[in-house]
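I'd like to ask you about the structure that follows.
Order of appearance sets the numbers: ligands from 1, and atoms from 1 within every ligand.
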Amino acid sequence: MRILVLNGPNLNLLGKREPTIYGHASLDEVNAFIRGYFKKTEIDFFQSNHEGELLDKLQQADHVYSGVVFNPGALTHYAYSLQDAIRAIDVPVIEVHLSNVHGREAFRQKSVVAPVVRGTISGLGPYGYVLAIRALAHFAKKEKE
Ligand code: DQA
């Protein structure tokens, strides 16, 4: 099983960016934390501050990965191109947010990718990525049965 963990704008600043909301761990530390849970799963990590690069990665994920774990950052709230890309591929995508977006500013409570993802995990910090991979593994196994 091969999984892609995709992070959008400003997530490269984890650790120094609003640590009371996003925690003290850097993105590399978060990725190491995730990897620590999965010895046998191949996991690729990619972060970009650019919408187009995230679109390219989603398009290239088709028929390569069993699933994508995606934290689109602020693009979550307005990037319809990401919705279209997720709709266009056959790979299941799980949306993850470190913070509980539903308890924050009104603009964060709308996700334009939510209608096309398999599910959403919000507010569980880095552990949300782990749960998303577990769910993707579960669905991939079910599909083979
Ligand atoms: C975020 C929530 C978004 O609203 C914000 O713009 C981010 C991070 C999260 O992980 O909690 O960049 O996706």
Sequence neighbours left out, what pairs pass ring pair (Phe, Tyr, Trp, His ring centres under 6.0 Å) with at least one residue falling in residues 55-101?
His77-Phe107
Under the rule for salt bridge (Lys or Arg N to Asp or Glu O under 4.0 Å), what residues qualify as partners of Glu105, not counting sequence neighbours?
Arg108
Donor-acceptor pair, side chain of Asp62 and main chain of Asp90, under 3.5 angstrom:
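Looks like yes, one N/O pair under 3.5 Å.
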Pairs under 3.5 angstrom, nitrogen or oxygen on both sides, ligand 1 versus protein: list them out, please.
| unit_1 | atom_1 | unit_2 | atom_2 | d |
| --- | --- | --- | --- | --- |
| ligand 1 | 4 (O) | His77 | NE2 | 2.7 |
| ligand 1 | 4 (O) | Arg108 | NH1 | 2.8 |
| ligand 1 | 6 (O) | Ala74 | N | 3.1 |
| ligand 1 | 6 (O) | Arg108 | NH1 | 3.1 |
| ligand 1 | 10 (O) | Asn71 | ND2 | 2.8 |
| ligand 1 | 10 (O) | Leu98 | N | 2.8 |
| ligand 1 | 11 (O) | Leu98 | N | 3.3 |
| ligand 1 | 11 (O) | Ser99 | N | 2.9 |
| ligand 1 | 11 (O) | Ser99 | OG | 2.6 |
| ligand 1 | 12 (O) | Arg17 | NH1 | 3.1 |
| ligand 1 | 12 (O) | Arg17 | NH2 | 3.0 |
| ligand 1 | 13 (O) | Asn71 | OD1 | 2.8 |
| ligand 1 | 13 (O) | His97 | ND1 | 2.8 |

Determine yes or no for a side-chain-to-main-chain donor-acceptor pair under 3.5 angstrom, with Ser122 supplying the side chain and Val101 the backbone.
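Side chain of Ser122 to backbone of Val101, a donor-acceptor pair under 3.5 Å: yes, one is there.
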Arg35 meets the side chain to side chain donor-acceptor pair (under 3.5 Å) criterion, sequence neighbours left out, with none
Testing the 3.5 Å rule here: is there a donor-acceptor pair between the side chains of Asn7 and Tyr129?
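Their side chains do contain a donor-acceptor pair, which is all the 3.5 Å distance test asks for.
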